[in-house]
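Numbers restart at 1 for each chain; the letters A, B, ... are given by sequence-line order, proteins then strands. Since this is a predicted model, take the numbers as computed values, not measurements.
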Amino acid sequence: MPTNQPPVVRVSHLSKRFGAHAVVQDVSFELAAGETLVLLGPSGCGKTTLLKMLNRLIEPDGGTVEINGRDILAQRPELLRRGIGYVIQQVGLLPHYTVAENIAVVPRLLGHAPAAIADRTAALLTRLHLPPARYAGQLPHQLSGGQQQRVGLARALAADPPIILLDEPFGALDPLTRASIRREFRELEELRSKTIVLVTHDVTEAFELADRILLLDAGQTQQLGTPRELLFRPANDFVRRFFAAERLALQLRTLTLEDVFSEMRHSNAADASRRDSDNFATQTTVNEALEALTSTDTAPAFSFTVAELMAAFGQALQREEDAWKR
Amino acid sequence: METLGALLTFWREQAGKLGEQTLQHIGLTAVSLLLAVLLGVPVGLWLSRRPRWAPVVLGLAGVLQTVPSIALLGFLIPLLGIGPKPAIFALFLYSLLPIIRNTLAGIQGVAPAVVEAARGLGLTDGQVLRRVELPLALPVLMAGIRTATVINVGVATLAAYVAAGGLGEFIFGGIALNNPAMILAGALPAAGLALAFDAALGAVQRLSARRLGRVGVGLLVALPLLGALYLLPRASGKLLAGFSPEFVGRADGLPSLTKTYGLTRLPSVVLAPALVYEAARNANVDVIDGYSTDGRIRAYNLRVLHDDRRVFPPYYAVPVVRPALLRQHPELAPVLALLDGQISDSVMTSLNYRADYLHQSPQVIAEAFLRRRGLWRAPRPAVPGAPVVRLGSKIFAEQYILAEMYAALIRGNTDLAVQTKTGLGGTTICFEALRDGAIDMYPEYTGTGLLVLLQPTPAVVDSLSGQPDAVLRYVRAEFRRRYNLEWLAPLGFNNTYALLMRQRQAQRLGIASVSDLSGYLHQ
């Protein structure tokens with residue numbers, strides 16, 4: 001989402017080597033306020049190192065990171081980090097602190113008033129479906145993995161930092177829990193306005209959450225763009241191969257009804273009236289529409305059949321291919 | 001049951017001493033532990049930041065741990081003297097390894113993710129250490145302190161060897177006197193202390209990390225207080241005595257000395273027999289117990305206080321022989337009699353000094369002595385098939401020297417062959433060898449013959465009242481009657497217990513006898 005405001009995060013020519021091994025090489029990107037960037041790539045591609053250089057858990061060998069126009073090397077690392085939410089795969093809740101105390105760590109460091117901290121903690125727990133009356137006083141080991149990760153998220157959000165860094169936040173969870181937390185994450189009002197950098201190796205997750213994806217391999221940027229650009233306009237062979245296995249699934253998740261039925265909408269005016277009667281939002285993905293059509297318990301509320309949808313989907317894919325070839 | 005009764009009696013009689021020793025024991029343990037925590041925890045923390053050094057430092061601490069405690073104290077005495085300093089330092093060294101290792105293990109045991117998350121949240125390095133790593137490492141750290149404590153309570157018994165007090169005083173006194181009740185009197189409270197500390201620290205360890213932090217701080221405050229127990233005023237006086245455990249416990253040692261001379265104002269510490277002389281020499285103590293012919297009396301310029309009221313039983317050296325030897329070789333009797341009354345206390349002291357400090361061989365010392373006295377004759381040429389006289393001795397220099405003297409006299413004055421069987425161990429072994437005919441003679445002491453071999457009733461011992469002649473008459477008659485062994489004439493010196501002082505100090509204070517000492521103390 002391009003804006004006229006200066007970027008919140010500006011990374012220029014960032015490099016890091018561990019010994020002889022170049023982990024991150026000459027990576028640059030800019031993030032606008034409220035944007036979600038996913039750092040994607042195979043294991044060992046340098047995405048976590050790149051993330052940790054943003055809050056100085058790792059110091060770069062070369063290049064600069066500016067946050068809100070200030071070079072982060074000019075700030076004390078602790079103070080920098082208190083202004084950036086941080087969530088990791090292993091959660092890392094302090095085992096000797098209660099849930100409430102874990103969430104209160106950063107607000108306390110920042111000297112917020114105790115009453116305000118208590119209110120904020122309770123509000124966050126409620127929003128993350130952990131009723132404070134029951135959970136605030138518990139210790140981390142009493143929680144399930146999913147609950148722990150929710151507390152980890154609440155802790156990162158507690159001081160309302162404008163930027164959140166997440167390192168494989170859902171990686172350690174079982175698939176069902178992962179899916180439900182990811183949904184919560186996507187729908188969390190708190191996160192809408194945040195500038196987010198998220199590391200994952202899960203392609204589906206990246207497509208679900210990203211405004212833009214930075215695909216890395218061997219520490220080098222392979223492509224930076226929207227999910228759709230990476231899928232339909234791969235910059236090189238690596239990018240193409242990286243998505244090959246899940247290509248169809250990703251296409252189903254990426255293309256919306258608006259994309260698929262754009263021909264009809266432009267050619268057939270009657271569709272407009274028909275669409276109004278549909279339970280039909282233009283941003284609904286083909287995948288979601290398919291699920292609704294094939295579900296058994298609710299009657300399909302669409303004015304098209306599976307066959308019509310798939311035909312239109314096929315044509316849309318063809319259009320994308322043609323556009324790419326031109 | 002008998003031992004139990006004796007134990008309870010002992011405790012009742014020595015209740016004051018038991019209390020004092022227990023407090024000293026706790027004090028020693030606490031002070032050394034405090035020092036070890038103050039050094040060990042920071043070292044452990046430092047190692048957690050510089051793991052490359054861990055093998056070196058832990059290896060070093062491990063080597064210290066393997067040095068036997070007695071040997072460690074031995075190394076420390078030349079550096080730190082005697083008293084609490086070497087004891088505390090040794091205990092401190094023993095505590096280091098478990099504390100350093102557990103501090104390091106505790107910090108390393110904190111999940112890296114927790115530390116990373118804490119840093120990621122914006123905690124400073126100091127905050128990560130204080131709020132995250134230390135609280136989480138504390139249970140393991142406490143386990144290390146617990147181990148160190150239990151080790152220390154045990155090793156602290158050895159403090160009694162260096163005049164640092166503690167429950168070891170009873171234990172070593174009991175060992176020296178072969179008195180099980182006395183050993184238990186010190187060992188049981190020491191074991192009880194170890195169990196109590198272990199249980200208390202175990203309970204602390206099970207507390208939640210949050211409360212453990214507070215208790216840990218409380219413990220750091222409590223340790224110096226417990227350590228201060230050691231500094232409770234001990235009896236003080238004009239002079240300080242240092243006694244070996246055996247001397248303190250034996251009826252004919254300190255107890256009868258105190259009773260007879262009224263030495264009530266002489267505060268004393270207990271230390272290892274081997275260190276008593278060193279302590280006097282270095283002026284750590286002023287009065288010690290010793291043996292009246294010990295070579296160190298001369299080496300360290302000490303004065304033997306005259307036992308004017310005859311508290312210590314006479315231990316005059318006398319050759320004991322099988323009568324058959326003299327019957328078969330009548331020419332031997334005058335030869336053996338050549339040494340009668342020839343060796344005074346001071347002469348024997350000098351001879352021992354040559355052996356123990358100048359490291360001359362007993363043979364050389366014996367020959368030099370005989371030459372000075374005009375008794376030396378070159379050995380006669382060996383006669384094939386000549387009968388052999390077998391001379392025995394116990395394993396210490398004085399006995400070796402005496403055996404060599406007799407050997408030289410027999411070789412120079414008779415045609416008999418001589419075989420010396422030196423180093424027959426203690427009294428009992430020599431005595432049995434003589435009875436069995438494995439040896440023909442050895443030098444024995446009248447007091448030993450009386451108290452160790454004959455063991456008459458206390459009434460008999462009292463009736464002899466320490467008179468040298470009476471004792472010799474009694475042992476001679478009893479040996480003849482019971483064992484058919486003959487005590488010849490005394491050599492002249494009396495190797496008995498003695499109180500010793502530094503020559504210069506004794507001279508300055510005008511103390512020549514134990515009565516003088518008592519008088520000085522009561523001035």
Side-chain angles (χ1 to χ4, degrees), chain A residues 48 51-59 75-98 101-111 137 139-141 148-149 151-159 161 163-169 171-172, chain B residues 41 44-45 48-52 102-145 203-220:
Chain A
T48 292
L51 184 81
K52 286 184 180 177
M53 284 194 281
L54 302 185
N55 67 356
R56 294 190 63 185
L57 282 176
I58 294 177
E59 302 284 8
Q75 307 173 49
R76 292 251 309 275
E78 310 84 72
L79 302 183
L80 170 76
R81 288 173 200 148
R82 287 171 199 175
I84 301 176
Y86 186 55
V87 179
I88 58 175
Q89 178 178 353
Q90 309 89 331
V91 192
L93 295 181
L94 307 184
H96 54 310
Y97 281 19
T98 63
E101 287 169 334
N102 264 289
I103 295 174
V105 167
V106 181
R108 275 195 195 152
L109 288 173
L110 294 172
L139 288 169
H141 71 86
Q148 288 188 22
Q149 196 50 283
V151 176
L153 196 56
R155 182 172 66 174
L157 291 169
I163 303 170
I164 312 263
L165 308 179
L166 303 104
D167 189 358
E168 306 248 13
Chain B
V41 171
L45 294 179
S48 72
R49 302 293 189 254
R50 303 251 185 311
R52 238 162 11 113
N102 281 44
T103 304
L104 179 60
I107 297 286
Q108 286 178 340
V110 176
V114 171
V115 176
E116 196 204 310
R119 293 183 64 214
L121 290 175
L123 273 71
T124 61
D125 287 349
Q127 287 169 331
V128 170
L129 183 66
R130 283 195 308 278
R131 298 195 193 170
V132 181
E133 289 182 301
L134 267 182
L136 292 176
L138 213 48
V140 179
L141 176 56
M142 282 303 298
I145 293 179
V204 168
Q205 210 183 320
R206 279 189 293 279
L207 292 175
S208 65
R210 176 190 309 257
R211 270 194 283 172
L212 192 52
R214 258 174 258 150
V215 174
V217 172
L219 217 59
L220 269 187

Identify the heavy atoms of A:R81 and B:G122 that sit nearest to each other, and give their distance.
CB-CA, 3.7 Å

Can you see which heavy atom on B:L136 is nearest to which on A:P95, and at what distance?
CD2-CG, 3.6 Å

Can you tell which of A:Q89, A:K52, A:Q90, A:R82 has the highest number of heavy-atom pairs within less than 4.5 Å of chain B?
A:R82

Please flag which part of A:L93 lies under 4.5 Å from any non-hydrogen atom of chain B: side chain, backbone, both or neither.
backbone

Region of A:V87 that comes under 4.5 Å of a non-hydrogen atom in chain B:
neither

Of all heavy-atom pairs between B:A117 and A:R155, which one has the smallest distance, and what is that distance?
CB-NH2, 3.4 Å

Got more than 12 heavy atoms from elsewhere within 6.0 Å of CZ, B:R52?
no

Taking every non-hydrogen pair under 4.5 Å, which of A:N55, A:N102, A:I84, A:L94 racks up the most with chain B?
A:L94

When every non-hydrogen atom of A:L109 is compared with those of B:R131, the smallest separation belongs to CD2-NH1, 3.7 Å

B:R119/A:E78 ion pair, N-O < 4.0 Å
no

With side chains defined as the heavy atoms from C-beta onward, is the minimum distance between B:E116 and A:L57 less than 4.5 Å?
yes

Quick one, B:L123 and A:V105 - any side-chain contact, counting heavy atoms below 4.5 Å?
yes

If we define contacts as heavy-atom pairs under 4.5 Å, which of B:V115, B:V114, B:L121 has the most with chain A?
B:L121

